[in-house]
Asker: 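I have a structure I would like to understand better, so I am pasting it below and will then ask my questions one at a time.
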Amino acid sequence: MTTTLLRTAAELHARTRAGRRAVVMTMGALHEGHATLVRTAREIAGPDGEVVVTVFVNPLQFGAGEDLDRYPRTLDADLKIAEEAGADAVFAPSVDEVYPGGEPQVRISAGPMGERLEGATRPGHFDGMLTVVAKLLHLTRPDVAFFGQKDAQQLALIRRMVRDLNFGVEIVAVPTVREADGLALSSRNRYLSARERRTALALSAALFAGRDRHAAQEALRARAREVPATQARAEALSAIGESRAAADAHAVAKAAPGNPAAVRAAARQVLDEAVRLDPPLVLDYLALVDPSDFTEIADDFTGEAVLAVAARVGTTRLIDNLPLTFGTLGAAS
């Protein structure tokens, strides 16, 4: 397959296609995470569909002091990765093509959700992100668009925009791709020195600790519910090493599913230890939120949740997250 490089929307609109158009939006500097998005798009679009990868470094998403100028621009390498993953075309418009009248005076507001977590740290970021996503959806006219779960708040806002403003496009989330050591793939990983990378592993380690604590809690409660007698339940819980729970097995069995506070604490412990590393991890936030609005969940919460973390290592800011399920739907996703 030969991937065509397109610079204008007119070139893209002139292409003929029989099946659905699937779009993967990127800011370039493609890596295996992006390639996974493209391969997923290729599979869903099918042999008769068309997969388009957009490459556009959106200036509206960068605030004062952020890394717009040093953000990697590697179009030749991006084309190769997109082609190998199965893209039919790469749409790499200029700033003038996307914003022909200069910076747009009318923009999309991310609303209250856009002011939390990432939005609190990067004011205006999500307004700029939604504005360019809306523009690119109009310019590329896809049937389905693919976004990574790694940027969970971005994904939630795009889904909300598509629903609230009646965009005729399906949004598909693709799970985060990780390197062998657990670090979530990101174009910003290339900024990390070897020592900084070791510290950065605390982000994923904290998420895994929270996930494992959650899974252990759910397994314990499931085991407790299976044992009918209080004494037998206590003995069963004691046998799996939960002496505290064994002391009050009935309370454990009746407790609300999961324990958000314990999940947060398990993750926080890893992050607190990383503060003492060299170089240290500088935590921005650790949050356990409802993905519908990115507010913190209560201890009696049931349903889908997101455990999210953001931190700086040296001059590089990294984010990561894991989905969890609290309640009758099961344990960790």
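Note that the structure is a prediction, hence the values are computed from the model and not measured. Throughout, residue positions are numbered sequentially from 1 according to the sequence presented.
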Asker: Heavy atoms only: give me the nearest F126-A110 pair and the separation to one decimal.
Answerer: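 Reported closest heavy-atom pair: CB-CB, 3.7 Å.
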
Asker: I'd like to know if the side chain of S94 pairs up with that of D96 as donor and acceptor (distance under 3.5 Å, no hydrogens or angles considered).
Answerer: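 No, because no side-chain N or O of S94 sits under 3.5 Å from a partner of the opposite role on D96.
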
Asker: Heavy-atom distance under 4.5 Å between the side chains of T140 and L12, does that happen here?
Answerer: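 With C-beta onward as the side chain, the pair touches.
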
Asker: Which heavy atom of V133 sits nearest a heavy atom of F147, and at what distance?
Answerer: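 Scanning both residues completely, I find the closest heavy atoms to be CG1-CZ, 4.3 Å.
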
Asker: Do you reckon Y285 sits in the same ILVMFWY cluster as V306, going by side-chain contacts under 4.5 Å, direct or chained?
Answerer: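 Same cluster: Y285 reaches V306 through Ile, Leu, Val, Met, Phe, Trp or Tyr contacts under 4.5 Å.
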
Asker: Have a look at V174 and tell me which of T36, L155, V24 forms a side chain to side chain contact (heavy atoms under 4.5 Å, CB included) with it.
Answerer: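 Single side chain to side chain contact (heavy atoms under 4.5 Å, CB included) partner of V174 among T36, L155, V24: T36.
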
Asker: State, to 0.1 Å, how close R141 and R21 come at their nearest heavy-atom pair, and which atoms those are.
Answerer: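 Nearest heavy atoms, R141 then R21: O-CD, 4.0 Å.
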
Asker: Among K150, R211, R188, R178, which one satisfies salt bridge (charged side-chain N to carboxylate O under 4.0 Å, His left out) with D320?
Answerer: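 When K150, R211, R188, R178 are each tested with D320, the salt bridge (charged side-chain N to carboxylate O under 4.0 Å, His left out) holds only for R178.
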
Asker: Under a 3.5 Å cutoff, is there a donor and acceptor pairing between the side chains of T295 and D290?
Answerer: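 There is no such pair (donor and acceptor under 3.5 Å, judged by atom type) between the side chains of T295 and D290.
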
Asker: May I ask you to decide if P280's main-chain N or O and R276's side chain share a donor-acceptor pair within less than 3.5 Å?
Answerer: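 Checked: no pair found.
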
Asker: Once you round to the nearest 0.5 Å, how far does CD1 of I81 lie from CD of E32?
Answerer: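 Answer for the CD1-CD pair, I81 versus E32, is 8.5 Å.
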
Asker: Of all the heavy-atom pairs spanning A305 and P291, show the shortest one and how long it is.
Answerer: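 Heavy atoms only, the tightest pair is CA-CD, 3.8 Å.
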
Asker: Can you list the steps and then say if D181 with R197 is a salt bridge (Lys or Arg N to Asp or Glu O under 4.0 Å)?
Answerer: CA-CA 10 Å; D181 56 11; R197 184 186 173 87; 2.9 Å; yes

Asker: Can you tell me how far CG of L130 sits from CG of L165, rounded to the nearest 0.5 angstrom?
Answerer: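 L165 CG to L130 CG: 9.0 Å, rounded to 0.5 Å.
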
Asker: Taking the side chain as C-beta and beyond, is there a heavy-atom pair between R264 and E296 under 4.5 Å?
Answerer: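 Yes, close enough: below the 4.5 Å cut-off.
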
Asker: Indicate yes or no: at least one non-hydrogen side-chain atom of L60 is less than 4.5 angstrom from one of E103.
Answerer: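 A side-chain contact under 4.5 Å exists here.
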
Asker: Considering residues at least two apart in sequence or located in another chain, which fulfil the side-chain hydrogen bond (donor to acceptor under 3.5 Å, both in side chains) criterion with Q269?
Answerer: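 So Q269 forms no side-chain hydrogen bond (donor to acceptor under 3.5 Å, both in side chains) with any residue.
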
Asker: For the pair H214 and F326, name the ring-plane relationship: parallel under 30°, tilted 30 to 60°, perpendicular over 60°.
Answerer: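 The arrangement is tilted - the two ring planes meet at 30° to 60°.
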
Asker: Under the side-chain hydrogen bond (donor to acceptor under 3.5 Å, both in side chains) rule, collect the residues that match up with D278, sequence neighbours excluded.
Answerer: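 Testing D278 for side-chain hydrogen bond (donor to acceptor under 3.5 Å, both in side chains), a comparison that skips the adjacent residues, returns R195.
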
Asker: Please list all pairs passing the ring-ring contact (aromatic ring centres under 6.0 Å, His included) test where one or both residues lie in residues 148-187, with sequence neighbours left out.
Answerer: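 Qualifying pairs, neighbours excluded: H138-F167.
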
